[in-house]
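Down below is the structure, laid out as structure tokens.
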Amino acid sequence: MAFLSKSSLALLLFLLAASAVRGQRLSHKFYSRSCPGLQPLIRDIVQQALRDDPTLGASILRLFFHDCFVNGCDASVLLDDTPFFVGEKNAPPNMNSLRGFQVIDVIKERVESRCRATVSCADILALAARDSVALLGGPYWAVYLGRRDARTASRQAATLNLPPPGESFTNLVSSFAAKGLGTRDMIALSGAHTIGQARCSSFRPRIYGDSNVDPSFASIRRQTCPPLGGNNLASLDVQSPTVFDNKYYQNLVARRGLLHSDQELLNGGSFDFFVRSYSLNQTAFFNDFSSAMIRMGNIRPLTGSNGEVRLNCRKWN
Ligand code: HEM
Ligand SMILES: *[C@@H]1O[C@H](CO)[C@@H](O)[C@H](O)[C@H]1NC(C)=O
């Protein structure tokens, strides 16, 4: 320490203290001592759930996105409404749309019986989302852990922060930028729509009104999505809805994106480069998707002594 001047030592101590106040950083090994075997346990439960219903993988992945974009990855999306509490589940972007909560409940129950009051719901969601992607054929990445669970949620923040399907490219870019994510991250993360489904109400304006749509694709989708009434589901990826692959981008090149926001990614600008390169090179997509998921998972986590480890993901302790 002799080489440190008094003022630089003071600065160092200040920085250490400041980072302690803000809480620790997330780490891959957060539960390696406190809950050994956590990750295989979660993977096995997700695997069983997807064996029974492969469409649940998409739903779990989306839960993680809708958690992270609303006041950070703090499991706020998992809190149930009560007569005295309004949470995020019934905000317009989520209501009658989010699913997969029962899988998270099963994981939480099994994790609690192995490691009591140790593993947060926010981390369970991050791991279950990663496992869903990997089990459906997508990439695998090491998940940073150590998030804690919020004691509150915000219906208004959910409404304001989750981009709607009619969004323009410019607005998609700014809604991701507001979370510290770049345009390339936004384009790679949208590749999550290589799995899962959307309701007719989410894509009706596109198949009846957009001009940048393949006519035969639009006409197939109109058969189960009438101009008025009815809210059937359709696959976001017309080719392989339960396989995590790069066909989403091939669809965009063929003007077969289901949501208006999907097709906006190929708008004739310089970022078309990424859509085209992902459509040709699945490895490039998988690499960018994995790093973007890690960045999304780092959005404003609660750490240290902030928040809590919920015992039941649907309610605070
Ligand atoms: C870029 C902006 C985005 C918009 C505008 C958007 C919008 C939507 C909409 C409207 C749906 C269908 C909901 C319904 O009709 O019930 C949907 C589904 C889905 N979204 Fe996104 N999304 C976006 C980004 C993302 C991201 C970043 C992820 C994850 C990394 C994601 C994952 C999913 C998944 C997996 C589904 C299918 C869910 C299921 O089948 O249960 N989305 N999205
Ligand atoms: C595909 O992308 C990966 C990762 O960016 C790169 O290393 C590889 O060379 C690319 N393959 C082709 C055929 O361009």
Side-chain angles (χ1 to χ4, degrees), residues 50 53-70 73 77 91-101 103 125-126 128-130 132-133 136 138-139 141 161-179 181-206 225 231-237 241-244 246 248 252 257-265 271 273-297 299:
L50 298 197
D53 179 0
T55 69
L56 280 168
S59 307
I60 293 168
L61 174 58
R62 186 167 184 235
L63 281 181
F64 185 52
F65 166 51
H66 282 216
D67 182 29
C68 292
F69 262 55
V70 183
C73 313
V77 71
N94 294 337
M95 190 164 52
N96 301 323
S97 181
L98 291 185
R99 56 197 280 274
F101 298 110
V103 182
L125 203 46
R130 185 272 314 271
S132 297
V133 169
L136 295 174
W141 60 94
N161 288 276
L162 295 165
E167 207 72 288
S168 68
F169 184 77
T170 316
N171 287 343
L172 291 170
V173 169
S174 43
S175 95
F176 279 66
K179 305 293 163 194
L181 299 171
T183 304
R184 183 172 170 178
D185 293 325
M186 186 275 285
I187 294 169
L189 287 168
S190 296
H193 291 172
T194 181
I195 51 175
Q197 299 163 296
R199 293 163 302 164
C200 174
S201 56
S202 299
F203 60 86
R204 182 183 282 119
R206 166 149 175 79
C225 177
N231 215 357
N232 293 323
L233 296 171
S235 296
L236 285 157
D237 172 359
T242 57
V243 182
F244 198 100
N246 67 338
Y248 168 82
L252 298 186
L258 185 62
L259 305 178
H260 178 83
S261 55
D262 291 327
Q263 200 63 48
E264 278 290 294
L265 303 184
F271 283 96
F273 170 83
F274 292 103
V275 172
R276 291 189 197 282
S277 97
Y278 298 157
S279 80
L280 297 169
N281 185 339
Q282 182 163 274
T283 308
F285 165 48
F286 281 9
N287 289 345
D288 283 6
F289 184 79
S290 304
S291 19
M293 282 294 285
I294 291 169
R295 275 193 282 279
M296 187 173 89
I299 299 174

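First listed ligand is number 1; within each ligand, the first listed atom is number 1.
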Looking at ligand 1, does F69 have a heavy atom less than 4.0 Å from it?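 Under 4.0 Å: no for F69.
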
For ligand 1, is there an atom lying under 4.0 Å from some heavy atom of Q197?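 Contact check Q197 vs ligand 1: positive.
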
Among all the protein's non-hydrogen atoms, which is closest to [atom], and how far away is it?
atom	answer
atom 39 (C) of ligand 1	S59 OG, 3.6 Å
atom 16 (O) of ligand 1	S97 OG, 2.5 Å
atom 35 (C) of ligand 1	A58 O, 3.1 Å

Once you restrict to heavy atoms under 4.0 Å, what part of [X] touches ligand 1? Side chain, backbone, both or neither.
X	answer
S202	side chain
N96	neither
F64	neither
P164	backbone

Applying salt bridge (charged side-chain N to carboxylate O under 4.0 Å, His left out), name anything that partners R199, two or more places apart in sequence or on another chain.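 In terms of salt bridge (charged side-chain N to carboxylate O under 4.0 Å, His left out), with neighbours along the sequence ignored, R199 is linked to no residue.
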
Which protein N, O or S atoms does atom 21 (Fe) of ligand 1 have within a distance shorter than 2.8 Å?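 Counting only protein N, O or S atoms under 2.8 Å from atom 21 (Fe) of ligand 1, the list reads H193 NE2.
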
Run the ring pair (Phe, Tyr, Trp, His ring centres under 6.0 Å) test against Y248 and tell me which residues pass, sequence neighbours left out.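 Once residues adjacent in sequence are excluded, Y248 has no partner under the ring pair (Phe, Tyr, Trp, His ring centres under 6.0 Å) criterion.
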
Between T55 and ligand 1, is there a nitrogen or oxygen pair with a distance under 3.5 Å?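 No: no nitrogen or oxygen of T55 is under 3.5 Å from one in ligand 1.
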
Name the residues in contact with ligand 2, where contact means a heavy atom under 4.0 Å away: which are they?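 Those residues closer than 4.0 Å to ligand 2 by some heavy atom are N281, A284, N287.
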
Show the nearest heavy-atom pair for residues L258 and A198, with the distance to one decimal.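 Minimum heavy-atom separation between L258 and A198: CD2-CB, 4.0 Å.
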
Would you tell me whether D53 and T55 have side-chain atoms, one donor and one acceptor, within less than 3.5 Å of each other?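 Their side chains do contain a donor-acceptor pair, which is all the 3.5 Å distance test asks for.
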
Counting heavy atoms only, which of C200, C68, P163 comes nearest to atom 5 (C) of ligand 1?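 Shortest heavy-atom distance from atom 5 (C) of ligand 1: P163.
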
Does the D67 side chain pair with the main chain of F64, one donor and one acceptor, at a distance under 3.5 Å?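 Not at all, since once roles are kept as given, no pair shorter than 3.5 Å links the two residues.
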
Please verify the inter-ring angle class for Y278 with F274; under 30° counts as parallel, over 60° as perpendicular, anything in between as tilted.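 Answer is tilted, since the angle falls between 30° and 60°.
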
